[in-house]
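Right, one structure below, let's go through it.
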There are 2 protein chains.
Amino acid sequence: MQLSLSWIQFTVDVMSSVDAQILLVGDELLAGELADANGPWFAERLTEAGFRVSAIRILPDEHAAIRDAVLQAVRSASLVVVAGGLGPTSDDLTTEAIADAFGLSLQLDEAQWERIRNLFRVMRGNEPPPGNEKQATIPAGATTIPNGNGTALGYLIEHEGALVGVLPGPPRENRPMFSDELLPRVLERLELPKPEPTRLFRTFGLAESVVAERLSGVEAQFPQLRIAYQFKFPEILVKLRVPAGERAAAEEAATAIEAKLAPHVYGHGEVTLPAVLGRELAARGLRIATAESCTAGLAAKLLTDAAGSSQWFDRGMVVYTNRAKREWLGVSRELLEQDGAVSEPVCEAMVAGLLERSDADVAFAISGIAGPGGGTPDKPVGTVCFGWGDRRRIHTDTRQFHWDREYNRLISAWVACWHIREMIVQS
Amino acid sequence: MQLSLSWIQFTVDVMSSVDAQILLVGDELLAGELADANGPWFAERLTEAGFRVSAIRILPDEHAAIRDAVLQAVRSASLVVVAGGLGPTSDDLTTEAIADAFGLSLQLDEAQWERIRNLFRVMRGNEPPPGNEKQATIPAGATTIPNGNGTALGYLIEHEGALVGVLPGPPRENRPMFSDELLPRVLERLELPKPEPTRLFRTFGLAESVVAERLSGVEAQFPQLRIAYQFKFPEILVKLRVPAGERAAAEEAATAIEAKLAPHVYGHGEVTLPAVLGRELAARGLRIATAESCTAGLAAKLLTDAAGSSQWFDRGMVVYTNRAKREWLGVSRELLEQDGAVSEPVCEAMVAGLLERSDADVAFAISGIAGPGGGTPDKPVGTVCFGWGDRRRIHTDTRQFHWDREYNRLISAWVACWHIREMIVQS
């Protein structure tokens, strides 16, 4: 038997990763009453940590189904993460099913039970109902994972070389348990190298295919890294996944990515374009005002999503009607009749009127046809005009979008923020 | 062996439903790069149609994994829905894996291939690349499910009494294929009764536990129906699932639910409270204006989410600073100093100033501390004051919320809409 080179590479690639599976327990997830939020979150973090997630399974609150799925999972995966079914009621069966799967007895964790009783006394002034004892009960031999935000204890079991981590279902409970306790212990136990953090580049203003094309050279130059693209309207996220030991390559690749995509990388990590604009305004001691027609308050809302936004946000107007544009911003009747409300001259007049009537240093105006109705042959649905500037100069621009009403409004608010950001960064 | 009554009831309950499984294919779903949107959507519709969804599994783009999962699923489920992996590239393996699982050959559907070639000629002016032939290729004996929004053909296979429906991954392609073709054919083939539509009641202003408690009598009275609760901030949804043949009971239960929850049921089906308020304003020929401090445009944005909102929405102000409240709405400096910006007298003055400066018939004002900072012992984070009224009378109110910034702002916008709705419905 002759092995081809590509087959050898494939084998090496598979061997270098460790399989993980995610099991999510809950009838409500199978009835479509609740959309699972745990699977993608665990999957992303496990992938970043160097695991290959080979399956995500959603299971009913049934003893046999949970038991069988756990047994099947440990046969092929080195790590199984189980979430859900740790509540106090009779349909929460995860711990019993897992103990059954591995032939373990159940043991009350006295310290945890005391903690639950204290919580009930302090929060509700009474003793917990007997069912809550379940939440302090874990299979014998398991090591506990404390829960800072709830009463259900998590735990870790080792079975024939495989690790099974069991967590409660609510994300606000299981996320810190996963990141602070489960994952570090698992990496240590499996002797996996600590992963490099994934680098996240947030871009606005380029199509996904253009982003991918611009980075094709970087991908080829750094085959040991993985570049993933995610379209998260209205932005494109670029994720640079870095295996352990590849920090130097990652730094080089990150610099190359920034250069290839400049000026479209507006931020890194958990931010939004309006929040970045807010910070850049604050850093310069500038304050902004907004005049919105089709976006109708959305841009102001986005600019004030971040706490502390009173530092950079002055005030805004939602001038939905022509009369409001005239009465509140002094846009002339002639201009509105001659050019129409969706026009660059009207946006220019809106910005001028707004700067006159506020304390803001910079301002923008948005007027467009968000759809689905209201389009004309000249100005089809998705036509949006922008005005932006300061007391020295006002700029204008027109864009044509092809999304639905919601997306046309959202991208319009971002484009307005983009224009202001370009202006203040360049000046 | 003696069977207890509860065991018999359990058996009957299980026997009366038909098992379905959902298999979702895609490496990107396992790497956490894309959150699956198909599972919950199919699960909800299958549950409504009377199926018991026994598992949702997310699988990698791997021949063996797909083949084995399909074979395992048909052993216990009457219906298996598979989505994803029908693209034109080499990592799209679903059809080959399914053909392998059931020992079927692959056949090119000539009509579909001709359709794809035509699409390419019209849309791009060239012939499709050879890989696209895959999207017109299905297992022999399968019946096709046409795709109105893409090039990948869906299909239905029968294997030893079980049905396997295979659909492309993108929701905008597979949802109409599922609802218009797959589900009706499956119900006919399995001779299942056509399900009654689920009734959806949207409530605002009651806690989930209160909603459940008020409906406990209805649940007991109609054991053949299923009432499910869903907390979808800031509202509580009540879903009444109706088995085939139970329409009369459903009508009676629906009437009882309305009566128990009145006046908190604000709508049914796919609506929001701001949209319902908009319709009710339009029906009365009334127009609304908004003055927002802490919500900063969110209420105006929500009121204009629906197309045609220019019918009821006049205009709005985002008066984030005290100076803006003075200059734009005429709120007196004395009032702002004496009562503070977050106070009922200031909200009253904001509404009065707004009605003076607009064409609106009704108006509301929102001023509060959304958090996380800005709280005081007197007015802690989450304190929000409301004013609302018309040219005859202005009302005020203060609420204390305990959510985060985002949720405090969202619920405040809804409460303002709620107040106006109560006012116009009662007058």
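A note on names: the letters A, B, ... follow the listed sequences, proteins ahead of strands, and every chain is numbered from 1. Predicted model only: the values in this text are computed from it and were never measured.
Between chain A and the options B:E327, B:R315, B:K301, the largest number of non-hydrogen pairs under 4.5 Å is found for B:R315. Ranked by non-hydrogen atom pairs under 4.5 Å with chain B, the options A:V319, A:L59, A:I22, A:I58 are led by A:I58. For the set A:A228, A:S54, A:G373, A:P372, the count of heavy-atom pairs under 4.5 angstrom toward chain B peaks at A:S54. Per-residue counts of heavy-atom pairs under 4.5 Å with chain B were compared for A:V53, A:L30, A:D27, A:L34; the largest is that of A:L30. For the set A:A289, A:A69, A:A31, the entry with the most heavy-atom pairs within less than 4.5 Å of chain B is A:A31. Between chain B and the options A:R226, A:E28, A:E406, heavy-atom pairs under 4.5 Å are most frequent for A:R226. Here B:G297 is the residue among B:G297, B:A20, B:A299 with the most heavy-atom pairs under 4.5 Å with chain A.
Only the side chain of B:Q230 comes within contact range of chain A, with at least one heavy atom under 4.5 Å from a heavy atom of that chain. Residue contact with chain A, scored on non-hydrogen atoms closer than 4.5 Å, involves the backbone of B:A306 exclusively. Residue A:T290: no heavy atom, backbone or side chain, is found under 4.5 Å from chain B. With a 4.5 Å cut-off on non-hydrogen atoms, B:L29 touches chain A through its backbone but not through its side chain. For chain A, no part of B:Q21 is nearby; none of its heavy atoms comes within less than 4.5 Å. Interface remark: A:A65 contributes no atoms to any contact with chain B (heavy atom separation under 4.5 Å). With a 4.5 Å cut-off on non-hydrogen atoms, B:A35 touches chain A through its backbone and its side chain both. Residue B:S293: no heavy atom, backbone or side chain, is found under 4.5 Å from chain A. Using a 4.5 Å cut-off between heavy atoms, B:R357 touches chain A through backbone and side chain atoms alike.
Using a cut-off of 4.0 Å between Lys/Arg side-chain N and Asp/Glu carboxylate O, B:D359 and A:R323 are scored as salt-bridged. A salt bridge does not link A:E48 to A:K239: none of the charged side-chain nitrogens sits closer than 4.0 Å to a carboxylate oxygen. A:R409 has a carboxylate O that lies under 4.0 Å from a charged side-chain N of B:D305, or vice versa, which qualifies the two as a salt bridge. A salt bridge does not link A:R287 to A:D361: none of the charged side-chain nitrogens sits closer than 4.0 Å to a carboxylate oxygen. Electrostatic pairing of A:R67 and A:E62 does not count as a salt bridge here, judged by no charged N lying under 4.0 Å from a carboxylate O.
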**Message:** Test side chain to side chain contact (heavy atoms under 4.5 Å, CB included) on A:D19 and A:F51; report intermediate values, then the result.
**Reply:** CA-CA 6 Å; A:D19 269 22; A:F51 288 92; over 6 Å; no
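Between the side chains of B:T47 and B:E44, no donor-acceptor pair is found at a separation under 3.5 Å.
Interatomic distance, B:N408 CG to B:T295 OG1, rounded to the nearest 0.5 Å: 11.5 Å.
In terms of heavy-atom proximity, B:N38 sits nearest to B:G169 at ND2-O, 2.9 Å.
Judged by the 6.0 Å and 45° rule, A:R45 forms a cation-pi pair with A:W41.
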